[in-house]
Amino acid sequence: MPRMSKVELYAAIRRDHRGGMSMRELERKHGVTWRTVRKALDSSWPEPRKKLPPRATGLDCYKPVIDEILRADLDAPRKQRHTITRIFHRLVEEHGADVSYGMVRYYVAARKPEILVESGKAPLEAFVPQTHQPGHEAEVDFGDVTIRLAGELVTCYLFSFRLSYSGKAVHRPVDRTIGESYVSAW
C-alpha cells in the first residue's frame, strides 16, 4: 500500500475519530504515536517542517580569510584580482587548509556579490512592480515579414499591438501592394 501524505493521514485520523474510534484504536490502525493523533485532532494541517541549522564545514574557519582577500580585491585593478583558483591555492599553501576546490568556489560565488553590496560598489537588488491601468497604455510596432501565401513568398507589413494591462496582443499582416489585410476580423 503506498504511503499517504501527512495531510491525507490527518484527514483519515479525523474521519475515523468522528466515526467513534478511540485514541488507542487510531494509533494502532494508522501506525502512529499518540502525539501524532493528538496533532491531527487539534489541527487540520500538519506543522511545516523545521529548517535544519546549517552544518559546519571544513571551510568555516577559513571564511574570514577568504572574505579579507575579496575585500582587498575591491580596490585592486581588474587584472590583479584573485581568481577562485588563486584563492584556493593560497588557502592550501599559506594556511594548510584541507578543503576542496568546489567548496571554495561555491563560497566565493555566493559571498562575492554580498561583499560588493556591503562595500557600496554594487546596487542592492530591488524589485519594482509594474502596474498598468486598464486602457491607459499599449505598445504598437510595424515591421516587414515574409510569408508563404498560395505557394509563393510575399513580403507584407506586420502590425503588432499589445495592451499593457492584460498583455493581450493582436498581429495583422497587410499586403504591401494592395493594402488589404489577410485577417478579416480583429
Side-chain angles (χ1 to χ4, degrees), residues 1-74 82-137 162-171:
M1 180 170 139
R3 287 186 52 180
M4 61 176 79
S5 71
K6 215 169 198 182
V7 174
E8 293 168 338
L9 174 67
Y10 275 32
I13 290 172
R14 283 192 310 280
R15 183 178 53 249
D16 291 341
H17 183 70
R18 282 191 304 269
M21 291 180 84
S22 69
M23 294 274 287
R24 216 163 262 172
E25 290 172 324
L26 291 170
E27 291 173 31
R28 282 192 206 108
K29 179 180 178 185
H30 297 287
V32 294
T33 64
W34 65 271
R35 281 192 178 98
T36 305
V37 172
R38 185 81 261 154
K39 287 179 183 178
L41 296 176
D42 290 343
S43 172
S44 59
W45 290 98
E47 297 173 358
R49 288 185 175 220
K50 294 177 183 158
K51 291 240 179 195
L52 294 174
R55 293 187 330 184
T57 66
L59 189 65
D60 286 344
C61 56
Y62 302 106
K63 287 180 179 178
V65 175
I66 296 172
D67 289 351
E68 192 55 42
I69 291 172
L70 293 175
R71 283 191 187 95
D73 281 351
L74 291 173
H82 286 80
T83 62
I84 296 173
T85 306
R86 182 65 188 130
I87 292 172
F88 170 71
H89 287 302
R90 278 190 63 184
L91 287 176
V92 171
E93 293 165 4
E94 296 174 14
H95 301 280
D98 185 25
V99 295
S100 70
Y101 174 78
M103 291 172 69
V104 174
R105 181 170 44 117
Y106 289 126
Y107 179 72
V108 170
R111 190 70 178 116
K112 199 174 204 176
E114 294 172 1
I115 289 177
L116 282 170
V117 169
E118 289 170 7
S119 68
K121 296 199 177 211
L124 288 172
E125 287 189 27
F127 175 74
V128 179
Q130 291 187 359
T131 56
H132 301 283
Q133 298 298 319
H136 279 251
E137 293 181 21
R162 184 182 165 278
L163 295 170
S164 297
Y165 178 72
S166 64
K168 303 255 178 182
V170 175
H171 306 288

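Side chains included, hydrogens not; waters and symmetry mates left out as well; all remaining heavy atoms used.
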#### Entry: Which residues share a side chain to side chain contact (heavy atoms under 4.5 Å, CB included) with Pro113, sequence neighbours left out
none
### Task
With sequence neighbours excluded, tell me which residues meet side chain to side chain contact (heavy atoms under 4.5 Å, CB included) with Arg15.
Ala12, Arg18
### Task
To the nearest 0.5 angstrom, please state how far the CD1 atom of Ile115 sits from the CG atom of Leu74.
7.0 Å
### Message
Going by side chain to side chain donor-acceptor pair (under 3.5 Å), Glu137 matches just one of Gln130, Arg162, His132. Which one?
### Response
His132
### Message
Let me confirm one number: the CD1-CD1 distance from Ile66 to Ile87, rounded to the nearest 0.5 Å.
### Response
6.5 Å
### Query
Could you give the distance from CD1 (Ile13) to CD (Glu8), rounded to the nearest 0.5 Å?
12.0 Å
### Message
Within the 3.5 Å criterion, strictly below it, is a donor on Asp98 or Tyr62 matched to an acceptor on the partner's side chain?
### Response
no
## Note on the structure
Heavy atoms of Asp16 and Lys29 approach each other most closely as OD2-NZ, 2.9 Å
### Message
Working note: Leu41 + Arg14, criterion side chain to side chain contact (heavy atoms under 4.5 Å, CB included); need CA distance, chi angles, decisive distance, verdict.
### Response
CA-CA 6 Å; Leu41 296 176; Arg14 283 192 310 280; 4.2 Å; yes
## Note on the structure
Rounded to the nearest 0.5 Å, the OG1 atom of Thr36 sits from the NE2 atom of His30 at a distance of 11.5 Å
### Message
Checking Lys39 against Asp42 for the salt bridge (Lys or Arg N to Asp or Glu O under 4.0 Å) test, could you report, in this order, the C-alpha distance in whole Å, the side-chain angles of both residues, the deciding distance, and whether it holds?
### Response
CA-CA 5 Å; Lys39 287 179 183 178; Asp42 290 343; over 6 Å; no
#### Entry: Note: Arg28-Glu25 ion pair, threshold 4.0 Å (strictly below)
no
#### Entry: Euclidean distance, Phe88 CZ relative to Glu93 CD, rounded to 0.5 Å
9.5 Å
### Query
Between Lys6 and Glu47, is there a side-chain N and carboxylate O pair less than 4.0 Å apart?
no
### Message
Using every non-hydrogen atom in the two residues, find where Arg105 and Ile84 come nearest and quote the distance to one decimal.
### Response
CA-CG2, 3.7 Å
### Separation of Leu91 CG from Tyr101 OH (nearest 0.5 Å)
12.0 Å
### Message
Which residues pass the side chain to side chain contact (heavy atoms under 4.5 Å, CB included) test with Tyr106, not counting sequence neighbours?
### Response
none
### Query
Hey, mind stepping through Val108 and His82 against side chain to side chain contact (heavy atoms under 4.5 Å, CB included) and telling me if it holds?
CA-CA 11 Å; Val108 170; His82 286 80; over 6 Å; no
### Query
Step by step, would you call Asp60 with Tyr107 a side chain to side chain contact (heavy atoms under 4.5 Å, CB included)?
CA-CA 10 Å; Asp60 286 344; Tyr107 179 72; over 6 Å; no
